[in-house]
Amino acid sequence: MSGDGARVVRGLDEVDAAPSVVTIGVFDGVHRGHRTIIGRAVRAAEDGGLRSVAVTFDPHPMTVVRPDHVPPLLQPVEDRVALLAGTGVDVVLVLPFTRELSQLEPAAFVERVLAGSLSARRVVVGTNFRFGHRAAGDVELLAVLGDDHGFGAEAVSLLELDGDPISSTQVREHLEQGDVAWATAALGRPWSYTGEVVRGDGRGRTIGVPTANVVAPDGVLRPGNGVYAARALHADGTWDAVVNVGTRPTFDGTTTTVEAHLLDASEQAEDLDLYGTQLRLELLARLRDERRFDGPEELVAQIHADIRAARDHFA
């Protein structure tokens with residue numbers, strides 16, 4: 001039953017009753033491992049003439065359960081939902097993660113969410129799936145409860161890359177280390193940092209290298225400090241770019257910023273007046289670590305070397 005473009009709904013009350021194959025998880029990043037699980041659910045639904053449903057949570061469950069341990073998100077929830085909607089599922093259900101939901105015991109969670117509102121006939125999850133109060137439910141319990149409620153449970157093994165499991169946690173850790181190559185391979189696409197272009201101190205323009213200062217929503221991951229070759233995507237154009245993430249130690253900076261110099265288009269970009277608009281930066285390659293220079297002239301020389309390195313990458 002999968003078709004072009006999933007229906008996106010928020011909350012169990014918005015879901016129409018229909019027998020379904022369900023896959024459920026946070027799906028932060030919608031990486032290759034996630035897509036393997038979702039793809040299995042879509043195929044099972046097609047084979048059985050059923051509806052396929054991908055369930056994700058907003059906010060991240062840790063926001064409610066352990067607010068002091070919330071991981072930075074790989075993407076805003078809107079981007080996650082858009083990616084999920086493109087996986088071939090019929091419905092994307094964004095389930096508000098509330099204190100009440102977090103308190104449901106595994107049996108009650110299955111009865112209310114999977115068997116009740118979604119009329120699950122099959123539930124496909126990763127082998128590390130946990131559910132219910134204090135994450136007490138696992139795949140084995142899901143299978144037992146499924147027997148009680150008339151659905152089968154299927155666990156899909158995690159993919160690995162270079163000996164590491166492909167997981168949202170691993171993608172975060174590699175990005176925080178600046179390893180965009182591993183993250184790209186794990187995601188199956190370049191990781192992107194999206195945010196609003198805000199006014200900075202204007203120092204880049206004074207040294208002849210104007211930049212767009214990009215600020216993502218609170219709670220979204222910022223990559224490790226360093227200089228990257230990137231693609232900048234905007235409603236009014238797409239440019240190759242050099243992105244600097246860091247504190248600008250040459251100027252004794254103390255706050256971390258994400259600044260993009262748009263190659264061959266800086267004057268055009270200035271004319272477009274990017275301030276207050278959204279800019280997406282797809283990080284393609286890490287060029288070097290952040291470092292302190294002896295002064296602006298040495299920094300400018302290095303920036304031009306970075307631009308040449310970025311051009312080599314794009315070539």
Step-by-step side-chain contact (heavy atoms from CB on, under 4.5 Å) determination, Ile303 to Ile307
CA-CA 6 Å; Ile303 289 173; Ile307 291 172; 4.1 Å; yes

Over all heavy atoms of both residues, which pair between [X] and [Y] is shortest? Give the atoms and the distance, please.
X	Y	answer
Gly188	Arg35	CA-NH2, 3.8 Å
Leu281	Ala260	CD2-CB, 3.8 Å
Ala85	Val8	CB-CG2, 4.5 Å
Val55	Phe27	O-CE1, 3.4 Å

For a quick check under 3.5 Å, do [X] and [Y] share a side-chain donor-acceptor pair by atom type?
X	Y	value
Asn213	Thr257	no
Thr56	Arg80	yes
Ser102	His133	no

Are the side chain of [X] and the backbone N or O of [Y] linked by a donor-acceptor pair below 3.5 Å?
X	Y	answer
Arg248	Gly246	no
His261	Pro210	yes
His34	His31	yes
Trp191	Leu283	no
Asp90	Ala6	no
Arg7	Val91	no

Please lay out, stage by stage, how Thr256 and Arg222 fare under the test side-chain contact (heavy atoms from CB on, under 4.5 Å).
CA-CA 9 Å; Thr256 302; Arg222 188 166 52 211; 3.4 Å; yes

Determine, step by step, whether Asp240 and Arg311 satisfy the salt bridge (charged side-chain N to carboxylate O under 4.0 Å, His left out) criterion, reporting the C-alpha distance in whole Å, the side-chain angles of both residues, the deciding distance to 0.1 Å, and the verdict.
CA-CA 8 Å; Asp240 295 338; Arg311 290 190 191 282; over 6 Å; no

Between [X] and [Y], does at least one N-O distance fall below 4.0 Å, as a salt bridge requires?
X	Y	answer
Arg10	Asp58	yes
Asp179	Arg286	no
Asp28	Arg172	yes
Glu298	Arg292	no

Determine, stepwise, if the pair Val123 / Leu142 fulfils side-chain contact (heavy atoms from CB on, under 4.5 Å).
CA-CA 9 Å; Val123 178; Leu142 181 66; 4.0 Å; yes

Step-by-step salt bridge (charged side-chain N to carboxylate O under 4.0 Å, His left out) determination, Glu100 to Arg112
CA-CA 12 Å; Glu100 178 192 4; Arg112 177 173 173 182; 3.1 Å; yes

Looking at Tyr275, is Arg199 sitting on its ring face, NZ or CZ under 6.0 Å from the six-membered ring centre and within 45 degrees of the normal?
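Yes, a cation-pi geometry holds between Arg199 and Tyr275.
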
Check the pair Phe131 / Val110 against side-chain contact (heavy atoms from CB on, under 4.5 Å), numbers first and verdict last.
CA-CA 9 Å; Phe131 66 102; Val110 165; 3.7 Å; yes

How are the rings of Phe57 and Phe109 set to each other: parallel, tilted or perpendicular (split at 30° and 60°)?
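Rings of Phe57 and Phe109: tilted, as their planes differ by 30° to 60°.
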
Test Asp79 against Arg280 for salt bridge (charged side-chain N to carboxylate O under 4.0 Å, His left out), laying out the working first.
CA-CA 11 Å; Asp79 290 356; Arg280 181 186 299 272; 3.5 Å; yes

